[in-house]
Amino acid sequence: MSSKPLYLMLCSGEHEKIQLAAMVASVAAVSDRPVEVFVTMNAVLAFERGKIPAERYQGGHFHEMFKTANVPDAVELFGQGKMLGELKMWACSMVLDLKHWECETHLTEDLFDGPMGLAKFLADAEMGELITI
Amino acid sequence: MAERQKIDARGAFCPGPLMELIAALKLSSIGEEIDIWSSDKGSASDIPAWCAKVGHQVVETSEHEGYWSVVVRKAK
């Protein structure tokens, strides 16, 4: 039996929230559950192309522990979810417009499936379960 | 019988050991077994739950000093 798709809206730029989103999305995707992630607001900044992990994430109680312990990098986890499961990532078109960014040139390589508007994401999410982080 | 592959994921935090196991299973043939070692407490329950969900077989789970060993057989 196929699982209900999981729709995850990631809007926080806080390290532990991005980490949680990456864990939820990747584990669900490798558990035969289709996942779509809509990245918007401050969260988009963590995916700016060329940033090293130390520059990507900010804030949250666990931020320093994540950096020093052997915790999987959130961007790499999203990548593993895509590679090993059915995971799509969409960047909020409004935020991209505000920043004058394009997915293909300004966001982490090989991670995003393209830009998407909120209305389309919400319409798609009616087919599954929506979580906002 | 094919040699059992061992993955030492001790020191990696959740969901690192599970992701390492899944990556190894992708490259394995049906019937092959992988013994994953994890010091992450959640792995002892997460890996069997994942196997039950996607249809692989847990051969055995054992606790050792500071880590768990979970042997998984690729079933599909």
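Order of the sequence lines fixes the chain letters, A, B, ..., with proteins taken first and strands second; residue numbering starts at 1 for each chain.
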For the [atom1] atom of [X] and the [atom2] atom of [Y], what is their distance to the nearest 0.5 Å?
{"X": "A:K17", "Y": "A:N42", "atom1": "NZ", "atom2": "CG", "answer": "10.5 Å"}
{"X": "A:K88", "Y": "A:Y7", "atom1": "NZ", "atom2": "OH", "answer": "9.0 Å"}
{"X": "B:E20", "Y": "B:I36", "atom1": "CD", "atom2": "CD1", "answer": "5.5 Å"}

Q. Are B:Y67 and B:W37 close enough that their ring centres sit under 6.0 Å apart?
A. yes
Listed by number, the residues in residues 7-15 of chain B that come under 4.5 Å of chain A (heavy atom to heavy atom) are B:G11, B:A12, B:F13, B:C14, B:P15
>> Just checking A:K51: does its NZ atom have more than 12 heavy atoms from other residues, nucleotides or ligands closer to it than 6.0 angstrom?
In response: yes
Parallel under 30°, tilted from 30 to 60°, perpendicular over 60°: which one fits the rings of A:F47 and A:F78? tilted
